[in-house]
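Everything numeric here is computed off the predicted structure, so don't read it as measured data. Residue numbers start from 1 in every chain, and the chains themselves are labelled A, B, ... in the order their sequence lines are given, proteins ahead of strands.
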Amino acid sequence: MASPKPRSFKGTRDFTPREMIPREKIIDSMKRVFRLYGFSPLETPALEMLSVLTGKYGEEGEKLLYKLDYKNDDFMNRVALRYDLTVPLARVIASHPEWPMPFKRYQVQPVWRADKPQTRQGRFREFYQCDIDTVGAPEGLADAEILALTVTMLDDLGFKDGDKRAIVQLNHRKVLEGICVYAGHPREDLAGFCRVLDKLDKIGREGVVSDLIDMGINDEGIDRVDSLLKLSGMYGSLSSTPADEKIDHVLAILDNNQAATEGLEGIRSILQSLKELGTDLSRINFNPVLARGLDYYTGAVFESTLPGQPHIGSLTGGGRYDKLIGLYGGGDKPAVGTTIGLDRMFAAMEQLGMVDTEAATVTRVLIAAWSADQMSACLQAVRVFREAGVPAEVFPTTGKLKKPFSHADKLNIPYVAVIGPDEAGNPDGLHVSLKDLSQGTQETLQVANAAEKVSSTNRSAPSS
RNA sequence: GUCCGAGUAGUUCAGUUGGUUAGAACGCCUGACUGUGGCUCAGGAGGUCGUGGGUUCAAAUCCCAUCUCGGACCCCA
C-alpha cells in the first residue's frame, strides 16, 4: 500500500524553528507592550457553540465559519471554530457580570476562516490574532489608548519609515452614517454604501464614483461624496492636512447632520487624548471614508496599512462595539479594541527583509566528544553551560569531529566546545576547547570560563 | 463565490516540430582531511515527468478529465 504524500491542509502552515524564533521574539515584545498599558492575558477555547458565533460577522463573514460536522445534528449543540477573538470575549464578559469594569485583556491565539488563502497577501485559513480590548469604558480615553498602543507596537517592530511605514487610519461609524444620508442614499443600506467607499484605496476615486452611480446615487450626491473623498488622505494635496483641520472641513460640509457631528466630536476627543498620551499624531490619518466590514462596530473604527505594500491587507483593525456584549443578555457594555494580525505582519516583514532567519536553533554551544571516553565529561560540561543560562547541547555521537562542526555550521550555532583527552584530563579541572565559528578562533579554557565567555557575547545583530 | 496561470529530483528550473537510458544548479551523503565547519576538488544517492484516461509505431511534450498549487478579484487579519 503506497502511503499518501503527507501535506498540510490548504491555508495552514508549519512554523519551522527558523520562523518560530523571530516569531516568538515578536510576540514577547508585543506582550510586554500590552502589559505596560495594563492589559492582562486571557485565553478562550478554539471551539465555540455555533449559536454564539452566528449573526455577528455579517453575511460575508458568516460564510467563512468552519462549522464542525460531527455526530450531533441538533442545531443547539452544534460547534464551530472561532472566527475571531472579539466575539469570544463578548461571551466571556456576558457570563461574568460580577467582574469589575473596566476590564482590559490581551489574547494571542489562532482563529480560523474558510476563505481562499493567498500567501503573498498574508491571508490564511488558520492565523494568529493578537487582540487587545477594553470593556466597560466610554468613548474617549480607552479608544485613544488602543491607538497609542498600536502606534507604539508598529514602531517597535520597525514599521516606521520609508516603504516600511505603516499608517493608522481613523474614522467613526456615525460620520459614515452622516455621509450616507448626505449623499441621498437610504440609511438601511449603510453597509452597502460603506463597502463602496472602503474600496477607495483599491479602485481609486473614479472607481468609487462609478460604483456609486451604479448604486443609483444622483449627480448632486456624487458631488457631495466626492468632496469628502478628497479628504480621505489616500491621495492628493490634503493627505498631509492635520486631522483637526480635516475635521473642520468635514464638519462644515455635514454641519446639520446630528450623527456626523457626534462622530466628529468623538474623533476630536480621541485625538486630544492621543496628544496627551504623547502619540505622534502624524501617524494617525483621519479618513472620513474608512469603513471596515464587520457589522458590530458602532463608534470609532480604525485600521493600519502599509501604503508601500498595497497587496498586503490591513495589519491591524478594530473599533468600538457598544452593542455586541448586550446581545448575550445582561445589558449593553461599551467596549473598544483592536486586532493585531501577527501573520500578516510577519508576512510583510518577511517580504521587506525585516526578519532574521539565520538561526535554525536556539542552541549557542554544541559540545562534542573526541571519543566515547569523554562522553561523561561532556555531560558534566553541558550542565555548567546550562547552569550559567547558556542554551547548550551535547552532540550524541563520537567519531570524526567534522560531523559536529558541520552540524553547528548548518544550524548557525555560534560555538563548538570540544572535549578530548587533553581537556578532560587537565590537572586544573575540566577544560574545553571553545571555537568561535564565525571568527574561526579557538582557545582552551576552564568550562566555567567558557560558559562565562559565551553568555557575555550577544548574538550578532541581523545583517540588514 | 468569480476570473486567469502552472504542475518534471529535497528546492529552483531546462527539456527543440512528439523520437535512444529525462538533464543542470543548489541542497543532501561519502571521501581528499585517523582533534575542527565554511572554500576547493573527486565521487554518490535521489524522478511512475501531479493523477486517470485518450491519440500514436512512439507522449514529459498533443487532447480530455480530475486533483493540487500559484496569481488577480470579493472580503478580511
Side-chain angles (χ1 to χ4, degrees), chain A residues 2 4-5 7-11 57-65 82-86 108-131 150 166 191-192 194-196 198-199 202-203 207 211 291-295 297 301-306 310-319 337-348 366 368-371 373-374 395 398-424 432-442 444:
Chain A
K5 267 190 181 171
R7 59 187 176 89
S8 52
F9 182 57
K10 185 176 176 151
Y57 304 114
E59 208 177 312
E60 288 298 319
E62 192 107 4
K63 285 190 229 159
L64 302 180
L65 284 176
R82 67 168 164 248
Y83 175 93
D84 69 358
L85 302 179
T86 307
V108 179
Q109 288 190 276
V111 302
W112 294 269
R113 294 186 190 177
D115 65 354
K116 186 178 173 179
Q118 293 198 211
T119 312
R120 198 174 91 93
Q121 298 177 3
R123 42 189 312 174
F124 308 96
R125 286 181 175 165
E126 177 185 70
F127 59 98
Y128 272 75
Q129 292 195 326
C130 312
D131 270 37
T150 302
C194 288
R195 214 170 297 131
V196 173
D198 202 40
K199 286 196 279 184
K202 289 230 172 84
I203 62 178
D211 276 17
R292 295 196 49 77
L294 293 177
D295 274 10
Y297 293 125
V301 289
F302 30 79
E303 72 177 30
S304 60
T305 49
L306 288 169
H311 60 274
I312 294 182
S314 48
L315 256 34
T316 75
T338 195
T339 295
I340 296 167
L342 177 64
D343 295 279
R344 200 161 274 188
M345 286 200 306
F346 200 74
L366 182 65
W370 156 236
S371 76
D373 292 340
Q374 287 84 44
F395 197 76
T398 57
K400 295 192 177 187
L401 285 174
K402 183 188 175 89
K403 280 199 164 191
F405 272 90
S406 169
H407 186 250
D409 187 56
K410 279 184 277 202
L411 298 186
N412 262 293
I413 297 173
Y415 293 94
V416 174
V418 176
I419 300 180
D422 296 346
E423 290 84 356
V432 296
S433 289
L434 185 71
K435 183 160 185 178
D436 178 335
L437 292 201
S438 63
Q439 301 298 316
T441 55
Q442 178 170 321
T444 302

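For RNA chain B, runs of at least 3 consecutive pairs of the Watson-Crick or G-U wobble type, with both hydrogen-bonding distances under 3.5 angstrom, map to B:1-7 with B:67-73, B:10-13 with B:23-26, B:28-32 with B:40-44, B:50-54 with B:62-66.
A straight line from NZ of A/Lys410 to P of B/G38 spans 9 Å, rounded to a whole angstrom. Here the P atom of nucleotide B/C69 and the CZ atom of A/Arg125 are 8 Å apart, to the nearest Å. Atom CG in A/Leu65 sits about 14 Å away from atom C1' in B/C75, given to the nearest Å. A straight line from NZ of A/Lys403 to C1' of B/C28 spans 13 Å, rounded to a whole angstrom. Between the C1' atom of B/G37 and the CZ atom of A/Phe395 lies a distance of 12 Å, rounded to the nearest Å. The CG atom of A/Asp409 sits 14 Å away from the C1' atom of B/G27 (whole-angstrom rounding). Summarising the geometry, the separation between CD on A/Glu62 and C1' on B/C75 is reported as 14 Å, rounded to the nearest angstrom. Atom CH2 of A/Trp112 and atom C1' of B/C76 are 17 Å apart (whole Å).
Partners of A/Asp343 under the salt bridge (Lys or Arg N to Asp or Glu O under 4.0 Å) rule, at least two apart in sequence or in another chain, are A/Arg13, A/Arg23. Annotation: side chain to side chain donor-acceptor pair (under 3.5 Å) contacts of A/Thr338 (sequence neighbours excluded): none. Among residues two or more places apart in sequence or in another chain, the salt bridge (Lys or Arg N to Asp or Glu O under 4.0 Å) test is passed with A/Arg123 by A/Asp115. For A/His407, the ring pair (Phe, Tyr, Trp, His ring centres under 6.0 Å) partners are A/Phe395, not counting sequence neighbours. With sequence neighbours left out, the side chain to side chain donor-acceptor pair (under 3.5 Å) criterion links A/Trp370 to no other residue. Taking the side chain to side chain donor-acceptor pair (under 3.5 Å) definition, one finds that A/Thr119 meets it with nothing, sequence neighbours left out. Remark: A/Ser371 engages A/Gln374 in a side chain to side chain donor-acceptor pair (under 3.5 Å) (not counting sequence neighbours). Remark: A/Lys63 pairs with A/Glu60 by the salt bridge (Lys or Arg N to Asp or Glu O under 4.0 Å) rule, at least two apart or across chains.
B/A45 and B/C4 are spaced 45 Å apart, taking the P atom of each and rounding to whole Å. For the C1' atom pair drawn from B/G38 and B/G27, the interatomic distance equals 15 Å after rounding to whole Å. Rounded to the nearest Å, the gap between the C1' atom of B/A42 and that of B/U12 is 25 Å. Spacing between B/G46 and B/A6 at atom P, rounded to whole Å, works out to 32 Å. Between B/G23 and B/G47, the distance separating the two P atoms is 14 Å to the nearest Å. Comparing the C1' positions of B/U55 and B/G71 gives a spacing of 33 Å, expressed to the nearest Å. Atom C1' of B/C74 sits at a distance of 8 Å from the matching atom of B/G1, rounded to the whole Å. A distance of about 13 Å separates the P atoms of B/U61 and B/U8, rounded to the whole Å.
A side-chain donor-acceptor contact under 3.5 Å links A/Arg113 to the backbone of A/Tyr83.
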Nucleotide N/O to protein N/O under 3.5 Å, stretch nucleotides 31-36 of chain B:
unit_1: B/G35; atom_1: O6; unit_2: A/Asp422; atom_2: OD2; d: 2.9
unit_1: B/G35; atom_1: N1; unit_2: A/Glu423; atom_2: OE1; d: 3.0
unit_1: B/G35; atom_1: N1; unit_2: A/Glu423; atom_2: OE2; d: 3.0
unit_1: B/G35; atom_1: N2; unit_2: A/Glu423; atom_2: OE2; d: 2.9
unit_1: B/U36; atom_1: O2; unit_2: A/Lys435; atom_2: NZ; d: 3.1
unit_1: B/U36; atom_1: O2; unit_2: A/Gln442; atom_2: OE1; d: 3.3
unit_1: B/U36; atom_1: N3; unit_2: A/Gln442; atom_2: OE1; d: 2.6
unit_1: B/U36; atom_1: N3; unit_2: A/Gln442; atom_2: NE2; d: 3.4
unit_1: B/U36; atom_1: O4; unit_2: A/Gln442; atom_2: NE2; d: 2.6

Polar atom pairs between nucleotides 70-72 of chain B and protein, under 3.5 Å, N or O only, would you list them?
unit_1: B/G71; atom_1: OP1; unit_2: A/Arg120; atom_2: N; d: 3.3
unit_1: B/G71; atom_1: O6; unit_2: A/Lys116; atom_2: NZ; d: 2.6
unit_1: B/A72; atom_1: OP1; unit_2: A/Arg120; atom_2: NH2; d: 3.1
unit_1: B/A72; atom_1: OP2; unit_2: A/Gln118; atom_2: NE2; d: 2.9
unit_1: B/A72; atom_1: OP2; unit_2: A/Gln121; atom_2: NE2; d: 2.7
unit_1: B/A72; atom_1: N7; unit_2: A/Gln118; atom_2: OE1; d: 3.3

Between the protein and nucleotides 40-46 of chain B, which nitrogen or oxygen pairs are less than 3.5 angstrom apart?
none

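When each of A/Gly11 and A/Gly341 is assigned the nucleotide of RNA chain B bearing its nearest heavy atom, the one mapping closer to the 5' terminus is A/Gly11.
Using modelled atom types, one finds no donor on one side chain facing an acceptor on the other under 3.5 Å when comparing A/Thr305 with A/Ser314. Side-chain polar atoms of A/Thr339 and A/Asp131 form a donor-acceptor pair below 3.5 angstrom. Looking only at atom types and distance, the side chain of A/Thr316 has no donor-acceptor partner in the side chain of A/Thr150 under 3.5 Å away.
Using a 4.0 Å heavy-atom criterion, one finds that A/Thr316 contacts the sugar-phosphate atoms exclusively. Note on A/Leu64: nothing from the nucleic acid sits closer than 4.0 angstrom, heavy atoms only. Within 4.0 Å (heavy atoms only), A/Tyr128 reaches no atom of the nucleic acid at all. A/Gly317 comes within contact range of the sugar-phosphate backbone alone, with a heavy-atom separation under 4.0 Å but no base atom that close.
The shortest distance between side-chain heavy atoms of A/Gln109 and A/Gln129 does not fall below 4.5 Å. Residues A/Ile340 and A/Leu315 have side chains not in contact (no heavy-atom distance under 4.5 Å, counting atoms from C-beta outward). Contact of the A/Leu437 side chain with the A/Val416 side chain is registered, since non-hydrogen atoms from C-beta on lie closer than 4.5 Å. Counting heavy atoms from C-beta on, the side chains of A/Tyr415 and A/Lys435 never come closer than 4.5 Å.
For A/Arg344, the listed nucleotide lying nearest its side chain is B/C76; candidates were B/C75, B/G37, B/C76.
Donor-acceptor pairing under 3.5 Å, judged by distance alone, is absent between the side chain of A/Arg113 and the base of B/C75.
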